[in-house]
Amino acid sequence: MRGLMPPLLGRRLAAVRLSRPDLRWRLPADFAARLTGQRIDTMIRRGKYILARLSSDETLLIHLGMSGRMILDPPEPLPAHTHLLLETDAGRRVGFVDPRRFGSLDLVATRDEAQHPRLAGLGPEPLSDAFTPAYLSRVLHGKLTPIKAALLDQKLVAGLGNIYVSEALFRARISPRRLAHGVAGARAARLVPAIRAVLEGAIAAGGSSLRDHVQPNGELGYFQHAWKVYGRAGERCEACSCDAACRGIAQIVQAGRSTFYCPRLQR
DNA sequence: CAAGAATCCTGTCAGC
DNA sequence: TGCTGACAGGATTCTT
């Protein structure tokens with residue numbers, strides 16, 4: 001979103017081309033027409049959603065899903081799977097590219113995002129004051145699901161994905177297999193700052209470019225080089241590599257997603 | 001109600 | 001080289 005603000009903020013959308021309405025959810029036939037001519041007044045992020053508030057009092061929602069990317073001034077011919085192309089009154093162009101189409105676009109008839117069903121249920125922002133150990137303890141209390149799965153639940157806390165959950169749990173030295181209710185209390189007090197540190201590091205690095213993610217200007221993120229456990233199955237974890245008892249980073253599947261952790265350090 | 005599995009879709013890569 | 005299966009930054013919907 002930071003990369004989108006310079007070209008979009010305060011500009012009017014002079015042209016909008018929607019070449020594929022069947023994304024995660026099918027877009028209405030008048031989607032492009034409703035965007036055309038609108039000015040983008042403010043842009044914010046909520047969880048994994050980018051929100052662009054329009055002069056029409058509507059809000060454009062963008063979710064990149066697994067494989068989505070935004071491209072500034074894409075070349076012609078347009079990259080494959082460019083489903084939406086915006087052109088501003090200043091001549092800048094922004095493309096929404098998403099091969100798998102797990103991403104979504106939506107146009108909400110209100111500037112109050114809390115009204116939108118996709119956003120209404122989201123938990124607090126992990127970088128906000130609302131995300132405290134007390135809050136996390138409360139929502140984990142009584143939960144029988146592994147902490148890994150709980151942290152992926154956007155209703156509990158908004159914005160964590162598969163990579164950053166593994167990284168945060170490593171940083172907090174908590175096993176991803178531990179049941180959520182067992183993290184309430186002292187472990188939650190470690191987990192909250194661990195989550196914040198991982199997200200702040202990733203944002204500063206422009207995200208993690210595993211295969212699809214790029215910043216709008218085309219630059220790759222470089223947080224993948226800072227991963228301690230994700231994608232490192234079999235390697236000895238950096239925190240205990242000198243210890244003969246370290247048997248290396250494990251990869252397991254939880255709730256259908258890969259989890260990476262150090263079984264020796266994370267309890 | 002809560003938790004886990006199946007599902008949507010395309011691209012890439014390992015193995016044969 | 002070409003085929004097949006597994007897997008990938010997500011989140012909803014269906015089953016148990």
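Model, not experiment: these values are computed from the prediction.
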Of the nucleotides [options], which has the atom closest to the [X] side chain?
X	options	answer
Q251(A)	dA8(C), dA11(C), dT10(B)	dA8(C)
Y49(A)	dT12(C), dG4(B), dA8(C)	dT12(C)
K48(A)	dT10(B), dC9(B), dA11(C)	dA11(C)
H63(A)	dA8(C), dG10(C), dA3(B)	dG10(C)

Counting only side-chain N and O atoms of [X], is one of them less than 4.0 Å from OP1 or OP2 of [N]?
X	N	answer
H81(A)	dC9(B)	no
S67(A)	dC9(B)	no
S258(A)	dA8(C)	yes
Q154(A)	dG10(C)	no
K143(A)	dA3(B)	yes

Check: With distance as the sole criterion, do the side chain of R257(A) and the base of dA8(C) form a donor-acceptor contact below 3.5 Å?
Finding: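 For R257(A), whose side chain was compared with the base of dA8(C), there is no donor-acceptor pair (under 3.5 Å).
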Checklist line | Any donor-acceptor N/O pair under 3.5 Å between dC9(B) base and R100(A) side chain | finding: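 Looking at the base of dC9(B), it does pair with a donor or acceptor on the side chain of R100(A) (distance under 3.5 Å).
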Could you give the [atom1]-to-[atom2] distance, from [X] to [N], as a whole number of Å?
X	N	atom1	atom2	result
D153(A)	dT12(C)	CG	P	9 Å
R24(A)	dC8(B)	CZ	C1'	6 Å
M66(A)	dA8(C)	CE	C1'	5 Å
R20(A)	dT10(B)	CZ	P	6 Å
R118(A)	dT12(C)	CZ	P	6 Å
L122(A)	dT12(C)	CG	P	9 Å
L64(A)	dA8(C)	CG	C1'	15 Å
R69(A)	dC9(B)	CZ	P	21 Å

Check: When you measure from the centre of the six-membered ring of Y49(A), is the NZ or CZ of R45(A) under 6.0 Å away and within 45° of the axis?
Finding: no
Give [X] one of three labels, base, sugar-phosphate or nothing, depending on what nucleic acid heavy atoms sit under 4.0 Å from its own.
X	result
T145(A)	sugar-phosphate
W25(A)	sugar-phosphate
D212(A)	base
G256(A)	nothing
L210(A)	base

Notebook entry, point to check: Of all heavy-atom pairs between V157(A) and P126(A), which one has the smallest distance, and what is that distance?
Noted result: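 For V157(A) and P126(A), the tightest heavy-atom pair comes out as CG2-CB, 3.8 Å.
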Next item on the list: Begin from the C-alpha positions of L169(A) and L191(A) and carry the test side-chain contact (heavy atoms from CB on, under 4.5 Å) through to its verdict.
Entry: CA-CA 7 Å; L169(A) 287 169; L191(A) 189 48; 4.0 Å; yes
Next item on the list: Can you tell me, in whole Å, how much space there is between the P of dC3(C) and that of dC9(B)?
Entry: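 dC3(C) and dC9(B) have their P atoms separated by 23 Å.
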Notebook entry, point to check: Using atom P of each nucleotide, how far apart are dA6(C) and dA6(B) to the nearest Å?
Noted result: 13 Å
Notebook entry, point to check: Do R26(A) side-chain atoms and P21(A) backbone N/O form a donor-acceptor pair below 3.5 Å?
Noted result: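 No.
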Next item on the list: Nearest 0.5 Å please: distance from the CZ atom of R187(A) over to the CD1 atom of I174(A).
Entry: 7.0 Å
Note to self: When you compare the side chain of Q38(A) with that of I40(A), does any pair of heavy atoms fall below 4.5 Å?
What the structure shows: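 I40(A) does not reach Q38(A) side chain to side chain.
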Notebook entry, point to check: For DNA chain B, whose closest nucleotide is more 5', that of A149(A) or that of R211(A)?
Noted result: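 Closer to the 5' end of DNA chain B: A149(A).
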Next item on the list: Verify the neighbour count for atom CG of D129(A): are there more than 12 heavy atoms of other residues, nucleotides or ligands below 6.0 Å?
Entry: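 At most 12 heavy atoms, drawn from other residues, nucleotides or ligands, come within 6.0 Å of this atom.
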Notebook entry, point to check: What does dC9(B) pair with, Watson-Crick or G-U, if both distances are under 3.5 Å?
Noted result: none
